[in-house]
Amino acid sequence: MNAKELRAMHPLYRRLSGEVLWLFLEEQGLGPEECDSLMQHFLQEMEDNLRVMQKLLAHPERFLFLQLPHEHAARACPECAALHGMLLPATRPDWLNFMPPFGIGCPLKASALSPQAAEQAKIQEKAKRETGHKAGHKAGHKIGHKMGHKIEQATEPEAEQERKTKGEQKTAQAPPPGEPLPPPQKAEPCCAAFFAGLSCKTL
């Protein structure tokens with residue numbers, strides 16, 4: 001299967017040509033050098049992903065493995081972050097729907113793993129999750145112990161401390177009359193730091 005046929009099967013590449021991408025980047029105010037650099041990156045990434053697709057199509061016993069590189073985790077949307085570590089058998093009819101990228105600059109990476117490598121990856125991902133859980137529990141215990149120690153050493157009377165705490169909470173939760181409420185915190189869109197702040201969901 002050639003590159004053109006593979007592109008026609010991909011959820012994003014079949015809808016996005018190089019010309020469309022270049023014009024899109026120019027509309028965002030990027031100069032020729034910036035557009036060229038981002039185009040080269042996009043084309044290289046596309047070549048890598050099409051190679052993964054070809055392996056999975058030729059060897060249906062393999063698995064599609066999705067990873068979110070640690071250095072890009074902060075700018076990933078919740079949907080992409082949730083796919084990190086996912087293993088999908090190439091025998092699954094809809095595995096192509098999970099082939100990244102899902103938009104311009106999507107940080108998810110795909111690879112084609114043998115059954116043995118997939119089993120090893122599953123064990124490693126499980127170990128990472130368990131390690132992260134233990135580290136979080138240990139850190140929470142230390143913080144709780146330290147805070148308890150500070151409270152015991154407090155010099156203010158308990159009633160005065162409680163009054164001040166309630167006053168601070170009231171101030172934080174109830175702004176003065178006529179003052180608008182602060183806007184809700186919004187997560188950065190997926191890939192916001194890569195392609196001039198464009199979202200994966202733009203296309």
Side-chain angles (χ1 to χ4, degrees), residues 1-16 21 38 40-144 185-195 198-203:
M1 190 172 293
N2 59 40
K4 185 176 181 181
E5 292 172 323
L6 290 170
R7 283 187 62 174
M9 298 174 66
H10 192 279
L12 176 66
Y13 297 143
R14 68 188 178 203
R15 300 185 289 119
L16 184 64
L21 177 57
L38 295 176
Q40 292 302 319
H41 178 90
F42 184 83
L43 293 174
Q44 180 59 57
E45 184 182 64
M46 180 173 67
E47 184 179 331
D48 295 341
N49 285 324
L50 294 183
R51 193 178 297 115
V52 170
M53 288 174 58
Q54 194 166 35
K55 287 181 180 180
L56 293 171
L57 289 168
H59 303 279
E61 75 278 4
R62 295 196 175 204
F63 288 76
L64 169 64
F65 183 44
L66 301 179
Q67 287 180 293
L68 181 61
H70 178 72
E71 62 271 21
H72 300 318
R75 63 181 173 84
C77 63
E79 289 80 5
C80 284
L83 294 176
H84 173 69
M86 179 178 285
L87 278 164
L88 293 174
T91 53
R92 178 169 166 158
D94 63 344
W95 70 265
L96 273 168
N97 293 335
F98 292 87
M99 268 299 301
F102 300 116
I104 298 175
C106 180
L108 275 176
K109 302 297 179 186
S111 54
L113 302 184
S114 66
Q116 296 80 6
E119 186 62 31
Q120 186 62 32
K122 188 184 300 184
I123 294 172
Q124 291 176 351
E125 288 300 320
K126 182 179 179 181
K128 287 179 184 178
R129 288 195 297 269
E130 290 177 350
T131 301
H133 176 73
K134 288 180 181 178
H137 179 75
K138 188 175 182 180
H141 178 74
K142 285 185 176 180
I143 291 172
Q185 295 294 323
K186 293 183 179 180
E188 284 295 320
C190 190
C191 324
F194 190 78
F195 276 87
L198 306 181
S199 169
C200 271
K201 301 172 183 177
T202 301
L203 299 178

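Just the heavy atoms: all of them, side chains too, but no hydrogens, waters or symmetry mates, feed the values below. Treat the numbers as computed from the prediction; the structure is a model and nothing was measured.
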Practice item. Return yes if a side-chain donor-acceptor contact under 3.5 Å exists between Arg75 and His72, otherwise no. Key: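 Yes - a donor-acceptor pair under 3.5 Å links their side chains.
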[atom1] of [X] to [atom2] of [Y]: how many Å apart, nearest 0.5 Å?
| X | Y | atom1 | atom2 | result |
| --- | --- | --- | --- | --- |
| Leu16 | Ile104 | CG | CD1 | 6.0 Å |
| Leu66 | Phe98 | CG | CZ | 8.5 Å |
| Met46 | Leu6 | CE | CG | 10.5 Å |
| Gln67 | Leu87 | CD | CG | 9.0 Å |
| Gln116 | Phe63 | CD | CZ | 9.5 Å |
| Arg62 | Thr91 | CZ | OG1 | 14.0 Å |

**Study point:** For Phe65, the option from Lys109, Met86, Glu125, Lys122 that meets side chain to side chain contact (heavy atoms under 4.5 Å, CB included)
**Key:**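 By the side chain to side chain contact (heavy atoms under 4.5 Å, CB included) criterion, Phe65 pairs with just one of Lys109, Met86, Glu125, Lys122: Glu125.
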Taking every non-hydrogen atom, the tightest pair across [X] and [Y]:
| X | Y | result |
| --- | --- | --- |
| Asn49 | Met99 | O-CE, 3.6 Å |
| Cys106 | Glu45 | O-OE2, 3.9 Å |
| Ala121 | Leu113 | CB-CD1, 3.9 Å |
| Ala90 | Pro60 | CB-O, 3.5 Å |
| Ala73 | Leu68 | CA-CD2, 3.9 Å |
| Leu12 | Phe102 | CD2-C, 4.4 Å |

Would you find a donor on one side and an acceptor on the other, under 3.5 Å apart, between the side chain of [X] and the backbone of [Y]?
| X | Y | value |
| --- | --- | --- |
| His10 | Asn97 | no |
| Arg7 | Leu50 | no |
| His59 | Glu61 | no |

Check your understanding: Under the side chain to side chain contact (heavy atoms under 4.5 Å, CB included) criterion, do Glu79 and Leu83 qualify, and how do the steps go?
Key -> CA-CA 7 Å; Glu79 289 80 5; Leu83 294 176; over 6 Å; no
Practice item. For residues Asp48 and Gln44, determine if any side-chain heavy atom of one lies less than 4.5 Å from a side-chain heavy atom of the other. Key: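 Yes. Closest side-chain heavy atoms under 4.5 Å.
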Review point. Side chains of Glu5 and Asn2: closer than 4.5 Å at any heavy-atom pair?
Key: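 Glu5 reaches Asn2 side chain to side chain.
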Practice item. Test side chain to side chain contact (heavy atoms under 4.5 Å, CB included) on Met9 and Leu57 and set out the steps. Key: CA-CA 11 Å; Met9 298 174 66; Leu57 289 168; 4.0 Å; yes
